[in-house]
Amino acid sequence: MDDFTKKRIMKIMDSYTQNKVPVHLKNQIKVSYKIRGKNVTLIEERQGYKSDIWVQMPVAQFRIDEKSKWKVYWQDSKNKWHFIDDIEPNEDFETQLKIVDEGHNGMFWG
């Protein structure tokens, strides 16, 4: 991912993560992201049971392919990522983020 794309994605994700959780729930739920190479991982964080430690749960991963199209992946219980073939790869990152945000048939946001 080139620097321009990375900065653009960071701006989109910063805005998204700041606005995703309603103010009255921000002490219970956080939404964050990580960029690693060509991958952007969307993460939900919650406090552990009877603990002050926040537990991270990956929601989805976006990967940019050699054709500059974003693909969406989900993670199984063994931490392996799988391509979601009924979400068409798209050059527009925000389109893919919107699909994940809306839940895509209950796949995200348990």
Side-chain angles (χ1 to χ4, degrees):
M1 181 180 333
D2 62 65
D3 285 341
F4 176 79
T5 302
K6 185 175 181 179
K7 286 179 184 176
R8 183 177 161 274
I9 297 303
M10 289 172 65
K11 185 175 180 178
I12 292 166
M13 293 302 292
D14 286 344
S15 175
Y16 177 79
T17 57
Q18 288 172 10
N19 296 310
K20 175 66 179 165
V21 179
V23 175
H24 68 282
L25 295 176
K26 288 193 184 259
N27 63 338
Q28 298 173 34
I29 302 170
K30 296 178 186 177
V31 176
S32 61
Y33 69 96
K34 291 181 183 173
I35 296 177
R36 185 172 175 196
K38 295 181 176 187
N39 303 340
V40 180
T41 306
L42 181 61
I43 301 163
E44 179 180 323
E45 300 178 59
R46 294 180 181 257
Q47 272 191 309
Y49 181 69
K50 294 186 178 181
S51 171
D52 291 336
I53 298 172
W54 287 81
V55 178
Q56 293 187 344
M57 298 166 283
V59 174
Q61 189 172 82
F62 307 90
R63 297 181 184 178
I64 193 165
D65 67 14
E66 63 282 345
K67 298 177 185 175
S68 297
K69 291 191 175 186
W70 290 96
K71 295 180 176 180
V72 182
Y73 290 75
W74 67 278
Q75 189 179 59
D76 67 20
S77 62
K78 295 179 180 161
N79 298 330
K80 184 174 180 187
W81 291 99
H82 303 275
F83 172 61
I84 303 170
D85 55 8
D86 65 337
I87 299 176
E88 286 291 320
N90 193 310
E91 291 178 358
D92 183 28
F93 178 82
E94 289 172 289
T95 297
Q96 303 300 62
L97 180 59
K98 183 178 180 192
I99 291 169
V100 170
D101 184 57
E102 292 173 350
H104 190 68
N105 302 320
M107 181 168 257
F108 308 105
W109 308 111

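Residues satisfying the salt bridge (Lys or Arg N to Asp or Glu O under 4.0 Å) criterion with Lys30, sequence neighbours excluded, are absent altogether. Checked against salt bridge (Lys or Arg N to Asp or Glu O under 4.0 Å), Glu66 has no partners two or more places apart in sequence or in another chain. Here Arg46 pairs with Glu44 under the salt bridge (Lys or Arg N to Asp or Glu O under 4.0 Å) rule; sequence neighbours left out. Lys98 pairs by the side chain to side chain contact (heavy atoms under 4.5 Å, CB included) definition with Glu102, not counting sequence neighbours.
Among residue pairs with one or both ends in residues 42-67, those qualifying as ring-ring contact (aromatic ring centres under 6.0 Å, His included) are Phe62-Phe93; sequence neighbours excluded. The stretch residues 7-39 participates, sequence neighbours left out, in no ring-ring contact (aromatic ring centres under 6.0 Å, His included) pair at all.
When hydrophobic clusters are built by joining Ile, Leu, Val, Met, Phe, Trp and Tyr residues whose side-chain heavy atoms come closer than 4.5 Å, directly or via intermediates, Trp81 is not grouped with Met107. In the hydrophobic clustering of ILVMFWY residues, with side-chain heavy atoms under 4.5 Å counting as a link, Met10 and Val31 come out together. Following chains of ILVMFWY side-chain contacts shorter than 4.5 Å, one can reach Val21 starting from Leu42, so the two form part of one hydrophobic cluster. In the hydrophobic clustering of this structure, Phe83 does not group with Ile64; members are Ile, Leu, Val, Met, Phe, Trp, Tyr whose side-chain heavy atoms approach within less than 4.5 Å, directly or through other members.
Annotation: Lys26, atom NZ; neighbour count of heavy atoms from other residues, nucleotides and ligands within 6.0 Å is above 12. Counting heavy atoms of neighbouring residues, nucleotides and ligands inside a 6.0 Å radius, atom CG of Leu25 exceeds 12 of them. The number of heavy atoms from other shown groups lying within 6.0 Å of CD (Glu88) does not exceed 12.
Distance check, rounded to the nearest 0.5 Å: CD of Glu45 to CE of Met57 gives 8.5 Å. Considering CD of Gln47 and CD1 of Ile53, their distance stands at 10.0 Å, rounded to 0.5 Å.
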Problem set entry | Test side chain to side chain contact (heavy atoms under 4.5 Å, CB included) applied to Arg63 and Lys38, step by step | CA-CA 6 Å; Arg63 297 181 184 178; Lys38 295 181 176 187; 5.9 Å; no
Exercise. After noting the C-alpha distance and the side-chain angles of Val72 and Val100, does the key distance pass the side chain to side chain contact (heavy atoms under 4.5 Å, CB included) rule?
Worked result: CA-CA 8 Å; Val72 182; Val100 170; 3.8 Å; yes
Exercise. Step by step, would you call Arg36 with Thr41 a side chain to side chain contact (heavy atoms under 4.5 Å, CB included)?
Worked result: CA-CA 8 Å; Arg36 185 172 175 196; Thr41 306; over 6 Å; no
Exercise. Going through the checks in order, is the side chain to side chain contact (heavy atoms under 4.5 Å, CB included) test met by His104 and Asp86?
Worked result: CA-CA 10 Å; His104 190 68; Asp86 65 337; 3.2 Å; yes
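Minimum heavy-atom separation, Val59 to Phe108: O-CD2, 3.2 Å. Taking every heavy atom of both residues into account, Asp92 and Asn90 meet most closely at N-OD1, 2.7 Å. The two residues Glu91 and Lys67 have their closest heavy-atom pair at OE2-O, 4.3 Å.
Considering only heavy atoms from C-beta on, Pro58 stays 4.5 Å or farther from Tyr73 through its side chain. By the 4.5 Å heavy-atom criterion applied to side chains, Gln96 and Ile99 are counted as neighbours. With a 4.5 Å cut-off on side-chain heavy atoms, Met13 and Ile35 do not count as touching. Contact annotation: the side chain of Ile43 approaches that of Lys34 to within less than 4.5 Å [non-hydrogen atoms, C-beta and beyond].
For Asp101 (side chain) and Leu97 (main-chain N/O), no donor-acceptor pair under 3.5 Å exists by modelled atom type. Not a single donor-acceptor pair under 3.5 Å links the side chain of Ser15 to the backbone N or O of Ile12.
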